[in-house]
Structure formats: C-alpha cells, structure tokens
Protein chains: 2
Amino acid sequence: MAAHVKELSNPDRSAESLGDAAYRQMKERIIRGVYRPGHKLTVRAVAQELDVSTTPARDAINRLASEAALVYAGPKTVVVPVLDADALKEITLIRLALEGLAAQQAGEHVADDDVEALGLLQKQINSALDAGRYADALWHNKEFHFAIYRLAKLPHLVLMIETLWLRIGPSLHNLYPEFAKERFGVHNHEVAMEALQERDGASVRAAIENDIRDGYRRLKRACREKATLHVA
Amino acid sequence: MAAHVKELSNPDRSAESLGDAAYRQMKERIIRGVYRPGHKLTVRAVAQELDVSTTPARDAINRLASEAALVYAGPKTVVVPVLDADALKEITLIRLALEGLAAQQAGEHVADDDVEALGLLQKQINSALDAGRYADALWHNKEFHFAIYRLAKLPHLVLMIETLWLRIGPSLHNLYPEFAKERFGVHNHEVAMEALQERDGASVRAAIENDIRDGYRRLKRACREKATLHVA
DNA sequence: CTGATATTTTTGTTGCAACAAAAATGTAAA
DNA sequence: TTTACATTTTTGTTGCAACAAAAATATCAG
C-alpha cells in the first residue's frame, strides 16, 4: 500500500497500489449503493470484478471490514451491513457529534466563494431530483455535506465522518425513490448556506443537525416497515 | 481475517487468524508505547518480531495505516505518527466530542457495581504512580477511561474512540515521568466517579472533558519544548 | 414436507518467490 | 564539509498454490 499522503484527499492516482485502488473503488461502490445491505462479498468475486488478483481484493475487503464498512456474518462471510434500529440510532448520535462539530468549525473558516460552490452543488441535487435520478441526488447530497465539512480544515475529522457515511450509505439507498421524492434536505441545506454566509457557526451546526435528524426519522420509519414486512 | 463479532470486544481468541492476532498485538504495543513516534515499521521486521510470515504482518500494518494509527512518511515507509501542534489540537477536539458523548451516555446507563469496578481501577493507577511504574499508570488510565465509555452501551462509539487513542498513545509516552509525577487526572477521575454515582450525565461529561483538556495542555507544552529543542 | 446428516464446493488464509521501486550507502567532485 | 550522483540493499507489492475450515448442496430417514 502506498498512499503517501493520507491527510488530504489527494487524487494522486499515479503511484497508487492495486490494493489502494481496489479499496477506493469498493468504497465508491458502497456509497453509490451498488452493493445492497446483506450482499455477500468474497475475495475471488471482488478480484474478478475489479480485475486484480486475490491479494489486492483481500486487502480492500479487510480494510473495509476493519472500518466496519463491511461486517462479518460468519467466520468466512463478509457482508454489507444491515443496520438494525439500535445501530442506526447509535450512528446517528455519533454523526450529530462529529458532523455538528465539523459544521460549526466550517462556519468559522468559510470564505465567500465557498458558499458559491455549495450553491452549485445544491443545484445539482435539485436537477437530479427533478429528473428522477435519485441515486445521483444522493451522491450530490453527499458531496454537498462533505464540501461543508472540508471547510472546517480538520482532515482527521473528515476521514472519521467518511467512515460513518460508509456504514449508513447502503441503507440510504433502500429508501428512494419514495423518500427522495419529497425533496429531502433541501430546506436544511438552504438554511446551512445562509448561516455560512453570515459565518454563524452555531446556526450551521443547527441546520446540519436538523438535516441528520430528518434523515434519521425517515430511515427509522423505513426500518420499521421493513421489519414488519419481514415478519408478515 | 475472521473476527466474527466486531461489535463487542470479545476475547474470543480461539478462532483468530494470524492477521488478526498480529493486528491486536501491534495495537497493544502502540498503546503501551513500545514503538515511539517516528519509529519505522517494516513488513519483514514485524513478521520476525511476531514470528509470522510477511502476509499477516502486512495485513496488520495496512489495517493500522488505514486507521491512521500508523502513517506514511514516504511511499514505502510507515512510521508511528509524530503529532504536530495542529494534529494534536484537532484530535483533542474530536476526543472532546466523542468521549464527552460517551461519558454523558455512561452517566445514564451506569449501575452501582460499575462504580465500584472503577474505584478499583483508580487504585491501580494510584499504586502504579506510587511505585513509579509510569507506563503501567498510563495503561490503567486507559482502562479507566474505557471502562466508563463502555458503560454507554454504544459499541461503535467505543471503537472510534479507540482509534483516537491509538493515534495519541505514542506521543503520551513521551511525557512521563515528569508529567506522570504530578498525579495527572486523579482529581478529574474522582469527580467523574462521584457524578456517575449520582447518574449525572452532564457532570460526568464535564469531568472527562476536563481530564482531556488537562492532558492536552501538558501535551502541547511538551510539544512546544521539543520543537524549540529541535531548532536549538 | 421437515429436519438432520453426509458430501461437495467454495472460501479465507498463509507462506513464498519474483519484481519494481524506493531508501540507504558509498563515491567523488567542488 | 557539502552536494550531487551512482551503486547496493532493503522494502512493499503482487500473484499463486496448497490447505483447512466453513458454507452450500445433496441425501435420506421420519
């Protein structure tokens, strides 16, 4: 493995090992919802899918499992996690703490052109929603959040938040289109951008916390419905 | 890799792969201060040290690097991280958020015999300090903190806090004995235990936050002294 | 059809050798 | 001594085969 610089998300893909590349591609697939909760991942299948040998594939799977982006369903079975109500609640608590912190700090380091860039991202979310491209909307939503978090200039924090999104990402994709149709988060995002413009850290935090809580409520409902469906 | 159950820190060492064992042993060595900041770790050296082949050794190093417990100083050079002032400040911010959350939640799930167990751990810290066994004091200090955090019944949170301690652990060992001599943290720990007994989550959080901030102040001073020493 | 049991297949792990790239070392010129 | 360059050594990576263990499948008794 050879990332050289873990600090910044540097797209220096020139001297990247196969293991690093596999890890990065798997991460993107997980967030993009290619793998659904419960999906089983085997070393050889991933190796074939990514066109590498078993060693880099194993590297990637092990790293993701070590970050809890994948979990063990048995001694030799790694799957995309299926979040139960407790796990969902816990991760939401942690998200509120970490993303709230990042949002607040962002409000104190923001520059004017940063907010413009955010407005552009929001427009991408909106047009994706208009066109019914819900997976794209979810992806741009992720970019919007992380664009804010990166403003905090706290690289360790951003990395930790990324591991959290990796854990809930697959479950998020179980919600749309029903849930994406109601233009989720749009209002909270607008409030956050206004607060950023005024450099009001506390308000940025409040807006982001609201967004997280809104998502949690919908996710919890979906989780309940699925559970009752599974029983019946 | 075969941990089966990542959720709880289950000492089920029976069906543990060599890679898992290597990872666990390396983690303990890092926290115990066996490796100092800047120490270079090579696959073959670790393999020999742990008496395994290169594959499990490489697994362990890669997993630790992926969690930022080890960092790259070059394309083929992983070292124990040397925290600069910025990184120290950032990690402290994150610690305050996560360990504060864990402490508060612990205050709301604590049982009576839990506090007794904590008192025992504190006694171990004290006798280690009395005997001048500072490395042991640091170890018991870690156990004290995590005994509290585990009371929160939030396994994901505890795991995330562990990765933070892994990052600052090596730097902590650069401080004693000077810093351990002043019985660091003893007062904060006593306040925390009192607050736990009264199930006062907010006060538990305050005590732990105080403890973290005290440690930060000392660490920062040491970091400054070392920097000026390095220049001179 | 159900449940337990035996069989077959699949799967993660491990050690290792070859390779390319980086780091360490040595050398010489200024 | 210092700097730049060439050489040697060390190092991470990668693919692969063998192995043991687990998972999937087939079989059969009730």
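By convention in this document, chain letters (A, B, ...) are assigned in the order of the sequence lines, proteins followed by strands, and residues within each chain are numbered from 1.
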> In terms of the nearest nucleotide of DNA chain D, which residue is placed more toward the 5' end: A:Pro56 or B:Leu41?
Replying inline: B:Leu41
>> Test of understanding: with salt bridge (Lys or Arg N to Asp or Glu O under 4.0 Å), list the residues that count as partners of A:Asp136, not counting sequence neighbours.
In response: A:Arg133
Polar pairs (N or O, both sides) under 3.5 Å between protein and nucleotides 16-20 of chain C?
unit_1	atom_1	unit_2	atom_2	d
C:dC16	N4	B:Thr55	OG1	3.4

>> Run the side chain to side chain contact (heavy atoms under 4.5 Å, CB included) test against A:Ala117 and tell me which residues pass, sequence neighbours left out.
In response: none
>> Without decimals, in angstroms, what is the distance between B:Asp59 CG and D:dG12 P?
In response: 14 Å
>> Rounded to whole Å, how long is the line connecting atom CZ of B:Arg63 with atom C1' of C:dG12?
In response: 13 Å
> Can you tell me if the side-chain N/O atoms of A:Lys40 get under 4.0 Å from OP1 or OP2 in D:dA22?
Replying inline: no
> Which comes earlier along DNA chain C counting from the 5' end, the contact point of B:Thr77 or that of B:Leu18, where each point is its nearest nucleotide?
Replying inline: B:Leu18
> Can you check the A:Asn62 CG to C:dG12 C1' distance for me, whole Å?
Replying inline: 9 Å
> Applying the side chain to side chain contact (heavy atoms under 4.5 Å, CB included) test to B:Val71, which of B:Val79, B:Leu83, B:Val80 qualifies?
Replying inline: B:Val79
> Taking only residues at least two apart or on different chains, which pairs with a member in residues 92-106 of chain A satisfy side chain to side chain donor-acceptor pair (under 3.5 Å)?
Replying inline: A:Arg95-A:Glu99, A:Glu99-A:Tyr149, A:Glu99-A:Trp165, A:Gln104-A:Arg205
>> Of the options C:dT14, C:dT11, C:dG15, whose atoms approach the side-chain atoms of B:Ser17 most closely?
In response: C:dT14
>> Checking A:Glu49 now: which residues fulfil salt bridge (Lys or Arg N to Asp or Glu O under 4.0 Å) with it, not counting sequence neighbours?
In response: A:Arg29
> What is the distance, rounded to the nearest whole Å, between atom CG of B:Leu50 and atom P of C:dG15?
Replying inline: 12 Å
>> Can you tell whether the side chains of A:Glu209 and A:Arg213 come within less than 4.0 Å, N to carboxylate O?
In response: yes
Check residues 37-48 of chain A and write down every donor-acceptor pair under 3.5 Å in which the side-chain atom is one partner and the other belongs to a residue at least two apart or another chain.
unit_1	atom_1	unit_2	atom_2	d
A:Thr42	OG1	A:Ala45	N	3.1

> Between atom CD1 in A:Ile61 and atom P in C:dT11, what is the gap in whole Å?
Replying inline: 11 Å
> Starting at CD of A:Gln48 and ending at C1' of D:dG15, how long is that distance when rounded to a whole Å?
Replying inline: 16 Å
> Once you round it to whole Å, what is the distance between P of C:dT11 and CD of A:Glu49?
Replying inline: 13 Å
